[in-house]
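Below is one structure; the comments refer to it alone.
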Amino acid sequence: MTKLFVPGRLCLFGEHTDWAGHYRTMNAQIAPGAAIVTGIEQGITAEVERSSIFEMHSTAPQIADQWHDFACRMDEQELKRVARSGSFFCYSAGVASYMLEWYKVGGVRITITDMTLPIKSGLSSSAAICVLVARAFNQMYNLHLNTMGEMNIAYVGELRTSSRCGRLDQACAFGVKPNLMTFDGDEIEVRPLTVKRALHWVFADLMGTKDTIKILSDLNRAYPFPIDEQGRRLHEALGAKNQEIVERAIAYMANGDREALGHLMTESEELFNRQVAPMSPDELYAPKLRAVLADAYVQSLTYGGKGVGSHGDGSVQFLARDANSQQQLVDYLAAKGMSSYSLTLQPVHTVHRAVIPVAGFGTRLYPATRCMKKDFFPIPCADGMVRPVVLILLEELVQSGIDDICLVLGSEEERKMYSDFFERPLSDEHIDKLSTESKEYESRIADIGKRLHYVYQQEKRGFGHAVYQTAQFAHGEPVLLMLGDTLYRSTSNKPCALQLIEAYEKTNSLTIGLYPVDVREVSFFGIMSGVWEDKRETLLNVSKLVEKPKSSYAEQNLGVRCADGHHEYCSVFGQYILTPDVYEQLERDIAAADAQGDSKHEIELTAALDAVRSRKGMYGVRLQGERFDMGNPRALAHTVAAFAKQAPLNPPKGGKNQGSSSPVWGD
């Protein structure tokens with residue numbers, strides 16, 4: 001049984017430009033479409049599993065009064081007939097028919113467990129169910145479709161019904177985050193957007209009526225070539241003027257200018273009323289929409305507002321002034337008889353905190369670890385200096401913009417060696433013997449020492465338990481986790497840690513560095529699989545994470561297919577951006593073990609990561625760099641030799657691991 005969640009979507013700017021931009025295939029003078037679209041917090045939650053037929057069930061109380069179970073044989077013609085019928089399940093059947101026709105799959109059983117998404121309110125409930133069905137088939141039959149692939153299938157599946165949706169409706173596939181979608185003929189691009197300050201949106205069902213099919217039919221009369229002045233004004237509104245509005249909106253979101261963004265919503269609505277609504281006056285005059293936008297109390301709580309989706313008297317959206325105004329507006333609209341909802345787009349917190357567990361004894365490096373912790377082993381570096389392992393790691397973090405670093409130690413007694421190194425100044429006798437360069441370096445060591453914090457893992461209950469000791473230090477923010485017995489070296493002009501941070505700022509999700517290894521070495525590492533989200537094959541949408549699998553299992557289940565047809569096996573690089581969800585999951589895992597009286601049960605980080613992945617998603621990022629494990633004698637010798645070289649090593653080609661074959665988690 002697999003759990004899935006697909007949100008609804010809200011088009012913030014650029015409605016109708018998806019289908020308008022598609023007409024560039026017939027008229028090159030049409031400007032490409034551009035829209036800012038985000039998933040919302042309301043959506044569809046379901047449990048899915050394989051079945052011999054296609055069946056839909058529901059235990060969601062929100063739709064109990066209109067639901068009846070549905071089942072259909074996996075027969076192409078029968079599914080297409082249901083799709084054309086206009087029935088409650090036509091959208092689901094349309095997608096299922098496409099899956100059967102092109103992928104020859106078996107059936108699925110989908111049970112909707114929660115439905116917080118309002119239906120027929122301009123929030124793409126139909127698109128959400130189409131994405132849900134496409135994703136269910138994708139995951140149940142390991143079709144290796146990326147998010148764009150699921151989105152395209154959901155679109156084609158919906159077109160098999162009487163609906164004539166636009167291409168932006170299926171943006172709900174990308175989750176609850178704002179994206180810029182551009183539409184150039186048949187080409188679609190999706191780019192995540194930056195939000196600097198929290199944006200408090202409110203949207204509401206006007207409880208009116210509108211005929212979306214008639215609206216689209218009326219507007220389409222002006223395409224692909226305008227036949228009169230009214231048509232030319234429509235082309236301008238959905239073309240050049242829309243592009244200018246979208247560009248300004250992106251800038252306001254990135255700069256945190258909420259007031260300007262709200263005023264732009266009002267400006268966009270005025271443009272719509274002047275140059276778009278006259279094409280379909282019966283549907284787009286929208287008296288209910290205009291009345292609520294002109295409401296003086298509503299205006300006192302908001303920076304601006306506009307229609308949603310195809311406009312008309314369907315739904316309305318506002319940018320509230322703050323969180324309190326947002327709640328007041330939701331309550332006010334509800335009192336007016338409208339179903340109202342809130343959406344808060346939070347800024348992506350860049351990562352300023354990092355964690356390094358160094359509590360392990362280093363059994364495989366005995367007897368040296370009797371007198372020295374392995375994170376203090378000396379490593380000759382290319383600049384002629386000999387640095388302890390931990391200092392190399394800490395310098396990479398400082399270079400990547402990390403302000404606070406927490407070391408997880410095995411006991412309070414161990415702290416003295418770190419305090420002595422980073423906080424106790426050298427004696428005058430030793431200082432006098434140093435070169436000028438080395439004397440200056442002393443101040444850098446002291447500066448790093450000021451950033452350090454310490455926690456202690458008193459019980460040896462696994463790597464996840466060690467990480468959880470830093471929960472209070474994380475303070476509800478994303479943190480960068482690095483392994484204490486692994487070194488990293490960039491092959492670009494950015495440290496590996498900074499590359500990972502920048503990737504996280506785009507995904508705003510649990511993000512892990514990945515590193516290709518030979519299939520014969522997978523049993524030494526955590527291995528992730530999934531599908532590439534980009535053409536350069538650097539961003540992996542992770543669908544599975546397995547700790548130290550056997551080679552035979554990996555060959556059957558974990559290979560990541562690349563564009564040239566070969567499969568890569570992606571191990572964990574040893575750097576992670578942990579979101580607050582990971583700490584919450586670790587807390588639940590520890591509480592569950594304690595409740596069973598199993599105080600010696602190892603709390604695994606991999607299990608917590610995979611649990612978060614199943615609910616919120618996870619990305620793997622191919623970093624430009626190499627990792628060097630030093631957890632055993634052979635690996636240590638290789639690391640010392642590699643770091644002493646003047647020239648950087650080339651990045652790995654074709655997945656051959658350049659380091660050792662020791663476990664990535666440490667010991």
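- The pair Glu584-Arg615 does not count as a salt bridge, with every side-chain nitrogen at least 4.0 angstrom from each carboxylate oxygen.
- Screening residues 446-459 for salt bridge (charged side-chain N to carboxylate O under 4.0 Å, His left out) gives Asp447-Arg451 as the qualifying pairs, with residues at least two apart or on separate chains.
- Summarising the geometry of Gln317 relative to Cys11, their closest heavy-atom pair is NE2-O, 2.9 Å, with the distance given to 0.1 Å.
- Between Arg387 and Glu395, at least one side-chain N (NZ, or NE/NH1/NH2) sits under 4.0 Å from a carboxylate O, which counts as a salt bridge.
- By the 4.0 Å N-to-carboxylate-O rule, Arg461 lies too far from Glu602 to be salt-bridged with it.
- Side chains of Glu533 and Thr147: a donor on one and an acceptor on the other come within 3.5 Å.
- No cation-pi contact links Lys616 to Phe5, judged by a cut-off of 6.0 Å to the six-membered ring centre and 45° from its axis.
- Under the side chain to side chain donor-acceptor pair (under 3.5 Å) test applied with Lys494, the options Glu502, Gln499, Gln399 reduce to a single match, Glu502.
- At a cut-off of 3.5 Å, with distance as the only test, a side-chain donor of Thr344 or Gln326 sits close to an acceptor on the other residue.
- Note that Arg627 lies in the cation-pi zone of Phe525, set by a 6.0 Å cut-off to the ring centre and a 45° limit from the axis.
- Legend: residues meeting salt bridge (Lys or Arg N to Asp or Glu O under 4.0 Å) with Asp375, ordered by chain and number and at least two apart, are Lys373.
- With contacts defined as side-chain heavy-atom distances shorter than 4.5 Å, the pair Thr579/Val582 qualifies.
- By the 4.0 Å N-to-carboxylate-O rule, Arg353 lies too far from Asp404 to be salt-bridged with it.
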Check: residues 258-267 side-chain donor-acceptor pairs under 3.5 Å, at least two apart:
from, atom 1, to, atom 2, distance (Å)
Arg258, NH1, Ala198, O, 2.9
Glu267, OE1, Arg248, NH2, 3.0
Glu267, OE2, Arg248, NH1, 3.0

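- Side-chain contact between Tyr488 and Leu500: absent, with no pair of heavy atoms (C-beta onward) separated by less than 4.5 Å.
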### Task
Dump the intermediate steps for side-chain contact (heavy atoms from CB on, under 4.5 Å) on Trp532 and Leu539, then the final yes or no.
CA-CA 6 Å; Trp532 298 114; Leu539 183 64; 5.7 Å; no
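- Taking every heavy atom of both residues into account, Gly513 and Leu623 meet most closely at CA-CD1, 4.1 Å.
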